[in-house]
Amino acid sequence: MRSGPNGPAKLGTVSTSARLFALLGLPAGLFAAITWQVVTHGPLLRLDSRLSRDLVHRDGFGAYLSDLGNIQVAVPVLAAAVLYVLWRGRSTGTERWWLPPAAAAVLMALVPAIVVPLKDWTARPGTPVVPPAVGYFPSGHTATAAVAYGSATLLLLPWLRSTAARRSLVAGCAVLVLGVSYGLVRHGWHWPMDVVASWCLCTVLLTALSLVPGVSKKPGVLKKAEALTGPGVLTKPGVLTEEGTRGSG
């Protein structure tokens, strides 16, 4: 098949569209399906109940892992990342240096605004090992951990120079979120579907955050910085060589 002059561009557009569908459309559809099962008391809830009985084993380790999803633990991690990126962006003359941290902070604030009404609407009871109550769907601790640690990761990625460091950061984020999820189910704080639904919801939220200019991508640098130091001095976003006024530190 012969490709036209716009072939590569069209291929890139299709690839981007497919990636966005995988990260936005599929998780959103799965979240809607799980929510429908919860609201209508569908057959998946019986499977969820059996899986929970097999997995629940209350111990201190599970409780410790679930605590990593507490607001008091996860949000300060994001706050530290926000402050660091604000400082780096402003000090290096990054274009719209305030936008990525502000977007991450707004997203974190939106989590309870989204999760709490869903809990009230679905009114799902908890597992047999917790006191009788409703409002367990979706998992707020999972959502807090995923958005806080995930947003911090997206903010910090552009400022890491090596591929190994970026991969380590992403892996660390995944371990934290999975650890919180495991602890919540293992300790019986949540049904497995509560956690899976939060994964789907937060995949959509974090994908939306990644589309904000400067988030998870190398930030641009203000043109006046190059004008002051001369062309060719800026070798990386926000980093000046020995010829410039700032070092690589």
Side-chain angles (χ1 to χ4, degrees), residues 23 27 30-31 33-35 37-38 44-82 104 107-120 122-156 167-207 209:
L23 294 174
L30 183 56
F31 177 79
I34 295 174
T35 304
Q37 286 290 296
V38 171
L44 278 182
L45 264 62
R46 292 192 292 272
L47 175 62
D48 198 32
S49 179
R50 290 197 298 270
L51 184 60
S52 178
R53 285 197 303 268
D54 293 339
L55 293 176
V56 169
H57 178 73
R58 309 199 93 187
D59 55 30
F61 183 62
Y64 169 78
L65 289 176
S66 63
D67 286 344
L68 296 177
N70 287 345
I71 291 176
Q72 299 90 332
V73 177
V75 173
V77 173
L78 175 59
V82 165
L107 183 64
M108 190 73 249
L110 284 176
V111 169
I114 296 172
V115 171
V116 172
L118 284 170
K119 286 177 174 290
D120 293 338
T122 56
R124 189 182 191 189
T127 68
V129 299
V130 297
V134 295
Y136 283 85
F137 179 91
S139 168
H141 276 66
T142 304
T144 299
V147 171
Y149 300 135
S151 297
T153 298
L154 290 175
L155 289 178
L156 293 173
R167 288 177 177 172
S168 298
L169 180 62
V170 172
C173 172
V175 167
L176 282 172
V177 175
L178 290 176
V180 170
S181 304
Y182 170 84
L184 291 170
V185 174
R186 187 69 167 170
H187 206 67
W189 294 127
H190 276 285
W191 304 98
M193 278 177 54
D194 300 344
V195 171
V196 174
S198 284
W199 289 350
C200 296
L201 176 62
C202 293
T203 298
V204 173
L205 295 177
L206 290 173
T207 300
L209 177 63

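Sequence positions, counted from 1, serve as the residue numbers for this chain. Treat the numbers as computed from the prediction; the structure is a model and nothing was measured. Any value given below was found using the heavy atoms of this structure, including those in side chains, with hydrogens, waters and symmetry copies removed.
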- Residues that T144 engages under side-chain hydrogen bond (donor to acceptor under 3.5 Å, both in side chains), provided they are two or more places apart: none

- Task: State, with a plain yes or no, whether a side-chain heavy atom of R58 is found less than 4.5 Å away from one of V129.
- Result: yes

- Message: F137 vs I34, test: side chain to side chain contact (heavy atoms under 4.5 Å, CB included). Steps then yes/no.
- Response: CA-CA 10 Å; F137 179 91; I34 295 174; 3.6 Å; yes

- Would you confirm whether T153, through its side chain, and C173, through its main-chain N or O, come within 3.5 Å as a donor-acceptor pair? no

- Do L209 and L205 touch side chain to side chain, with heavy atoms closer than 4.5 Å? no

- Query: When rounded to the nearest 0.5 angstrom, what distance separates OG in S139 from NE2 in H190?
  - Reply: 3.5 Å

- Query: In a check of side chain to side chain contact (heavy atoms under 4.5 Å, CB included) between Y149 and each of V175, V77, L154, which one passes?
  - Reply: V77

- Donor-acceptor contact below 3.5 Å, side chain R124 vs main chain G135: no

- Message: Tell me the closest heavy-atom pair linking V180 and G69, and the distance in Å.
- Response: CG2-N, 3.6 Å

- Min side-chain heavy-atom separation L155-L78 under 4.5 Å: yes

- Reported CG-to-CG distance for the pair L206 and L107, which is rounded to 0.5 angstrom: 6.5 Å

- Message: Does I71 have more than 12 heavy atoms from other residues, nucleotides or ligands lying within 6.0 Å of its CD1?
- Response: no

- Task: Identify the two heavy atoms, one from I114 and one from P117, that lie closest to each other, and give their separation to 0.1 Å.
- Result: O-CD, 3.5 Å

- Value rounded to 0.5 Å, distance of CG in D67 from NE2 in H141: 6.5 Å

- For residues A145 and V177, report the shortest heavy-atom separation together with the two atoms involved. O-CG2, 4.0 Å

- Checking side chain to side chain contact (heavy atoms under 4.5 Å, CB included) for the pair W191/V38: CA distance, chi angles, key distance, verdict? CA-CA 11 Å; W191 304 98; V38 171; over 6 Å; no

- Drop me the distance from D194's CG to T127's OG1, to the nearest 0.5 angstrom. 9.0 Å

- Could you tell me which non-hydrogen atom of P131 sits nearest to which non-hydrogen atom of Y136, and how far apart they are? O-OH, 3.9 Å

- Any chance you could measure R186, atom CZ, to S52, atom OG, to the nearest 0.5 Å? 11.0 Å

- Item | Which atom of V204 lies closest to which atom of P27, heavy atoms considered | CG2-CB, 3.9 Å

- Between V115 and L201, is any pair of side-chain heavy atoms under 4.5 Å apart? yes

- Task: Can you establish whether the number of heavy atoms outside R167 located under 6.0 Å from its atom CZ is more than 12?
- Result: no

- Is there a donor-acceptor contact under 3.5 Å from the side chain of N70 to the main chain of V73? no

- Between W189 (side chain) and A63 (backbone), is there a donor-acceptor pair under 3.5 Å? no

- Passing candidate, side chain to side chain contact (heavy atoms under 4.5 Å, CB included) with M193, options L47, T35, D48: D48

- L65 to G183 - nearest heavy-atom pair and separation: CB-CA, 4.0 Å

- Item | Check: C202 and T142 side chains under 4.5 Å, non-hydrogen atoms | no

